[in-house]
Amino acid sequence: MTCSERQLLESVKKGNEAAFQKIFYSYSDKLYTLAYKITRNTSAAEDIVQDFFVRYWEKRASLEFNPSFAAYAYRSIYNLSLNYLRDNERFIYGLELTIDLHDSEVEDDDLQELKTLLMKAINELPERCKKIFVMATLENKKYSEVADLMGISINTVKVQVSKAYHILKEKLG
């Protein structure tokens, strides 16, 4: 950690927003790359990095970085990305793996049946939840874009997508 970075971190600790912005711009692209490599989802990676920096700002006064801010940031992004996969992507990721096997192991009839079951389960979601889930996952819209289109918060989008995954997991096993 350079002397100037140490000074920036101390300034952030005191509430200096300009110093926070410098730290953000120094690290956000690298942290996004790490989150994307783990999640393979652009909106999830963006959300993870944004959440990390929001939490950092909120807890700035009490955080200590041992051995460095970079180590803390990378470890946090790594853990947040794994948590995202655990909580939100397991079902769809498993489905994508199954579908990727189409050429060699999955018969067309089996694949069609799987898609039919999935679409039926999606259609049975509560209306608002379904609309948000379809926009965020099937249409690959960013959470922020879904939030803007629906006039809701990004957090509401996250909650609804997570709820949809949970319902689908229960219905489809």
Side-chain angles (χ1 to χ4, degrees), residues 1-97 125 128-169:
M1 180 168 17
T2 65
C3 183
S4 62
E5 184 175 77
R6 189 179 326 272
Q7 291 169 338
L8 279 175
L9 293 170
E10 285 301 318
S11 293
V12 170
K13 207 172 223 188
K14 295 174 184 172
N16 184 321
E17 291 181 22
F20 176 77
Q21 285 182 342
K22 287 181 183 177
I23 293 292
F24 176 84
Y25 288 117
S26 295
Y27 284 94
S28 61
D29 288 344
K30 297 172 198 165
L31 296 175
Y32 168 83
T33 300
L34 174 61
Y36 180 78
K37 283 181 180 179
I38 295 169
T39 65
R40 293 187 214 147
N41 182 317
T42 56
S43 61
E46 289 170 356
D47 288 345
I48 288 166
V49 173
Q50 181 181 6
D51 288 347
F52 165 76
F53 278 106
V54 167
R55 288 179 188 166
Y56 167 47
W57 179 255
E58 290 171 345
K59 297 179 179 183
R60 68 189 178 277
S62 63
L63 291 176
E64 296 295 326
F65 307 111
N66 189 16
S68 67
F69 176 80
Y72 170 80
Y74 285 112
R75 176 53 63 186
S76 295
I77 294 297
Y78 177 81
N79 289 333
L80 290 168
S81 298
L82 292 181
N83 290 346
Y84 173 82
L85 288 177
R86 181 195 68 213
D87 297 341
N88 298 308
E89 290 290 315
R90 185 183 319 161
F91 172 76
I92 292 296
Y93 183 68
L95 176 66
E96 288 169 354
L97 286 178
L125 290 170
R128 181 175 183 217
C129 183
K130 176 174 70 173
K131 187 172 185 178
I132 292 169
F133 179 79
V134 167
M135 290 170 70
T137 58
L138 301 179
E139 296 175 8
N140 291 322
K141 292 188 185 327
K142 295 179 180 179
Y143 285 4
S144 59
E145 188 178 354
V146 174
D148 289 342
L149 290 170
M150 302 272 309
I152 57 178
S153 72
I154 292 174
N155 195 48
T156 301
V157 174
K158 291 178 187 178
V159 167
Q160 291 296 309
V161 169
S162 180
K163 177 182 175 182
Y165 278 122
H166 181 73
I167 292 169
L168 292 173
K169 181 180 173 186

**Message:** Counting neighbours of NZ on Lys130 that are heavy atoms of other residues, nucleotides or ligands and sit closer than 6.0 Å, is the number greater than 12?
**Reply:**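 Enclosed: over 12 neighbouring heavy atoms sit under 6.0 Å from NZ of Lys130.
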Is the closest side-chain heavy-atom distance between [X] and [Y] below 4.5 Å?
| X | Y | result |
| --- | --- | --- |
| Thr156 | Arg128 | yes |
| Ile48 | Tyr32 | no |
| Val146 | Val161 | no |
| Tyr74 | Lys30 | yes |
| Val12 | Trp57 | yes |
| Asp51 | Lys158 | yes |
| Arg60 | Ile23 | no |
| Leu149 | Lys141 | yes |

Atom [atom1] of [X] and atom [atom2] of [Y]: how far apart are they, to the nearest 0.5 Å?
| X | Y | atom1 | atom2 | value |
| --- | --- | --- | --- | --- |
| Leu34 | Ile38 | CG | CD1 | 4.0 Å |
| Lys142 | Asn41 | NZ | CG | 11.0 Å |
| Phe24 | Leu31 | CZ | CG | 9.0 Å |

To check you understand the geometry: which heavy-atom pair defines the closest contact between [X] and [Y], and what is its length?
| X | Y | result |
| --- | --- | --- |
| Ile77 | Val49 | CD1-CA, 4.0 Å |
| Phe133 | Leu168 | CZ-CD1, 3.5 Å |
| Ala136 | Tyr143 | CB-CE1, 3.8 Å |
| Ile132 | Val157 | CG2-CG1, 3.8 Å |

**Message:** Using salt bridge (Lys or Arg N to Asp or Glu O under 4.0 Å), reason through Lys13 and Glu64 one step at a time and then give a plain yes or no.
**Reply:** CA-CA 10 Å; Lys13 207 172 223 188; Glu64 296 295 326; 2.6 Å; yes
**Item:** Step-by-step side chain to side chain contact (heavy atoms under 4.5 Å, CB included) determination, Asp47 to Tyr84
**Value:** CA-CA 10 Å; Asp47 288 345; Tyr84 173 82; over 6 Å; no
**Asked** What class does the angle between the rings of Tyr56 and Phe69 fall in, given that below 30° is parallel, 30 to 60° is tilted and above 60° is perpendicular?
**Response**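 Judged by the thresholds at 30° and 60°, the geometry between Tyr56 and Phe69 is tilted.
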**Asked** Please walk me through it: do Gln160 and Lys163 pass side chain to side chain contact (heavy atoms under 4.5 Å, CB included)?
**Response** CA-CA 5 Å; Gln160 291 296 309; Lys163 177 182 175 182; 4.2 Å; yes
